[in-house]
Amino acid sequence: MNRRDFMKASMASAAVLSIPSSLQAAAAPGDIPAEKNSTIKGDPREEPFHLGMAGYTFARFDLDTTLEFMQKIDVHYLCIKDFHLPLDSNEEQIAAFKAKLAKANVVGYGVGPIYMKSEAEVDRAFAYAKRVGVDLLVGVPNYELLDYTEKKVKEYDIRLAIHLHGPDMPTYPDATDIWNNVKDRDPRMGMCLDIGHNLRYGSDSLRDLKKYYRRVFDMHMKDVTGNTKANRSVEVGRGVIDFPAYVRLMRKVGYTGSVSLEYEKDMDNPFNGIAESVGYFRGICAATK
């Protein structure tokens, strides 16, 4: 076993031991810049960026399971998806949701992705973000809605991070497409750089982070097996993305937002893979100091 494999295996084993008891059966081996970010108890602030979770990772699990697992793997930042907090939630429901997050020592740093195909859906998304009390909306407005969306960015003073989906969707396939659509707009309009989907489109995620970092407000972290649509998501460290270079570049450009794991493999039973990915990424951060 080489040094890379040894480090990955060691960290994965340690991380898996943190899986909560209520999830052990499901996860048993062999089963198949954000200036307003909050500081939380237990956050050592060793990096300028925050390790977080993209809410979509837990699409098939309720909020209680999500938060319990995040506590066990010591991850404290969550981008909120509407299956955990519906878009029409009222103030009372939002307060109860926030109380659960606070009890679990988790910060909801943003909402989304939210898809917007009409002006009414743009209005609803920004009103929702305001009620939740976040300054970051990860969203996918149709191209023809960008002028209207820019007005809402200014009205609400909420940053928009447009999410890319690589070859899986024709809208905003890569970072360059987003850049070309926001570069001459309000500086609060930027991107959520999904490094895996960007690579699957054939784009260079490291190059794009270096070129566009001033408009990168959020990042979705995933590893993939290659740079075509046919390639798939895998545990962080098992694919082709150069994570040591990725971490060094985030430090170099002074990225201060969240790096949120979006784990799209084994979504019915993702816990081992999430734990391995988190452990590997933390190990890379420590090894590249």
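Everything numeric here is computed off the predicted structure, so don't read it as measured data. Numbers here are sequence positions counted from 1.
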| request: Walk me through it: do Ile178 and Arg215 pass the test side chain to side chain contact (heavy atoms under 4.5 Å, CB included)? | output: CA-CA 9 Å; Ile178 297 175; Arg215 294 289 182 111; over 6 Å; no
| remark: Distance col, row Ile114:CD1 vs Leu87:CG, nearest 0.5 angstrom, shows 5.0 Å
| said: Has Arg232 got a side-chain atom pairing as donor or acceptor with Val224's backbone, closer than 3.5 angstrom? | reply: no
| request: Take Val259 and Phe281 through the side chain to side chain contact (heavy atoms under 4.5 Å, CB included) test and state the conclusion after the steps. | output: CA-CA 10 Å; Val259 183; Phe281 183 74; 4.2 Å; yes
| field | From OH (Tyr246) to CG (Leu206), nearest 0.5 Å | value | 9.0 Å
| Ionic contact status for Arg185 with Asp147, cut-off 4.0 Å | yes
| Tyr212 atom OH, over 12 foreign heavy atoms within 6.0 Å | yes
| said: I'd like to know if the side chain of Thr66 reaches the main chain of Asp62, judged simply by a donor and an acceptor atom lying under 3.5 Å from each other, with no hydrogens or angles considered. | reply: yes
| With hydrophobic residues grouped by side-chain heavy-atom distances under 4.5 Å, do Val122 and Tyr128 end up in a single group? | yes
| So do Met191 and His163 actually touch side chain to side chain, heavy atoms under 4.5 Å? | no
| query | How close do Cys192 and Val138 get, heavy atom to heavy atom, and via which atoms? | reply | CB-CG1, 4.0 Å
| What is the distance from atom NZ of Lys265 to atom OG of Ser233, rounded to the nearest 0.5 Å? | 9.5 Å
| field | Heavy-atom pair of closest approach, residues Asp268 and Arg60 | value | OD1-NH1, 2.9 Å
| query | Hey, quick one: are Ile162 and Met169 part of the same hydrophobic cluster, counting side-chain heavy atoms closer than 4.5 Å, chains of contacts allowed? | reply | yes
| query | Are side-chain N/O atoms of Tyr156 and Asp135 paired as donor and acceptor at under 3.5 Å? | reply | no
| Can you find a heavy atom in the side chain of Ser277 that is under 4.5 Å from one in the side chain of Tyr263? | yes
| remark: Heavy-atom nearest pair, Ala161 first then Leu136, reads CB-CD1, 3.9 Å
| said: What verdict does the side chain to side chain contact (heavy atoms under 4.5 Å, CB included) test give for Asp174 and Asp177, after you've listed the backbone C-alpha separation in whole Å, the side-chain angles of each residue and the deciding distance to 0.1 Å? | reply: CA-CA 6 Å; Asp174 71 346; Asp177 183 71; 3.3 Å; yes
| said: Strictly distance-based, threshold 3.5 Å: is any side-chain N or O of Glu150 a donor or acceptor partner for the main-chain N or O of Asp186? | reply: yes
| said: Let's go through Arg200 and Asp168 carefully: what are the C-alpha distance in whole Å and the side-chain angles of both, what is the deciding distance for salt bridge (Lys or Arg N to Asp or Glu O under 4.0 Å) to 0.1 Å, and is it a yes or a no? | reply: CA-CA 9 Å; Arg200 289 178 57 246; Asp168 299 328; 2.9 Å; yes
| request: For salt bridge (Lys or Arg N to Asp or Glu O under 4.0 Å), just list the numbers for Arg238 and Asp223, CA-CA rounded to whole Å, side-chain angles, deciding distance to a tenth of an Å, and then say yes or no. | output: CA-CA 7 Å; Arg238 293 180 182 256; Asp223 209 347; over 6 Å; no
| said: Is any side-chain heavy atom of His76 closer than 4.5 Å to one of Met70? | reply: no
| Using 4.0 Å as the upper bound for N to carboxylate O, is an ion pair formed by Lys289 and Glu47? | yes
| message | Quiz question: by atom type and distance under 3.5 Å, do the side chains of Asn142 and Glu144 form a donor-acceptor pair? | response | yes
| query | Just by modelled atom types, is the Thr228 backbone N or O under 3.5 Å from a matching donor or acceptor in the Asn231 side chain? | reply | yes
| said: Tell me the closest heavy-atom pair linking Met116 and Ala125, and the distance in Å. | reply: SD-CB, 3.7 Å
| said: Nearest 0.5 Å, please: how far is CG in Asp184 from CG in Asn181? | reply: 10.0 Å
| task | State, without any angle test, whether Tyr109 and Asp218 hold a side-chain donor-acceptor pair at a distance under 3.5 Å. | result | yes
| In terms of ring plane angle, is the pair Tyr115 and His165 parallel, tilted or perpendicular, where the classes change at 30° and 60°? | tilted
| said: Test of understanding: clusters of I, L, V, M, F, W, Y form through side-chain heavy atoms closer than 4.5 Å, transitively. Do Met189 and Val140 belong to the same one? | reply: yes
| said: Is there a continuous path of hydrophobic side-chain contacts, each under 4.5 Å between heavy atoms, that joins Phe83 to Val134? | reply: no
| query | Atom CG in Asn198, atom OG in Ser205: separation rounded to 0.5 Å? | reply | 4.0 Å
| message | If you apply the rule side chain to side chain contact (heavy atoms under 4.5 Å, CB included), what do you find for Lys152 with Asp123, and how did you get there? | response | CA-CA 8 Å; Lys152 294 300 171 181; Asp123 291 341; 3.0 Å; yes
| task | Spell out, as yes or no, whether a donor-acceptor pair under 3.5 Å connects the side chain of Glu155 to the backbone of Lys151. | result | no
| request: Kindly indicate whether the side chain of Leu209, heavy atoms from C-beta on, has any atom under 4.5 Å from the side chain of Val216. | output: yes
| field | Heavy-atom closest pair, residues Leu193 and Ala175 | value | CD1-CB, 3.9 Å
| task | Check whether any side-chain heavy atom of Met53 sits under 4.5 Å from a side-chain heavy atom of Phe69, and report yes or no. | result | no
| request: Find out whether Arg282 and Val75 are in side-chain contact, i.e. whether some heavy atom of one side chain is under 4.5 Å from a heavy atom of the other. | output: yes
| Same apolar cluster (I L V M F W Y, side chains within < 4.5 Å links), Ile284/Val234 | no
| field | Nearest-0.5 Å distance, CG of residue Leu63 to CG of residue Leu85 | value | 8.5 Å
| request: Hey, can you tell me if Phe58 and Phe61 have their rings parallel, tilted or perpendicular (30° and 60° cut-offs)? | output: perpendicular
| said: Using the rule side chain to side chain contact (heavy atoms under 4.5 Å, CB included), only one of Ile158, Leu160, Asp157 pairs with Arg188; which is it? | reply: Asp157
| query | Which atom pair, heavy atoms only, marks the closest approach of Met267 to Tyr56? | reply | CE-O, 3.2 Å
| message | Do Ser258 and Phe49 have side chains that approach each other closer than 4.5 Å (heavy atoms only, starting at C-beta)? | response | no
| Does Lys222 reach the main-chain N or O of His197 with its side chain, forming a donor-acceptor pair under 3.5 Å? | no
| message | Measuring only between side-chain heavy atoms, which start at C-beta, is Glu262 closer than 4.5 Å to Asp194? | response | yes
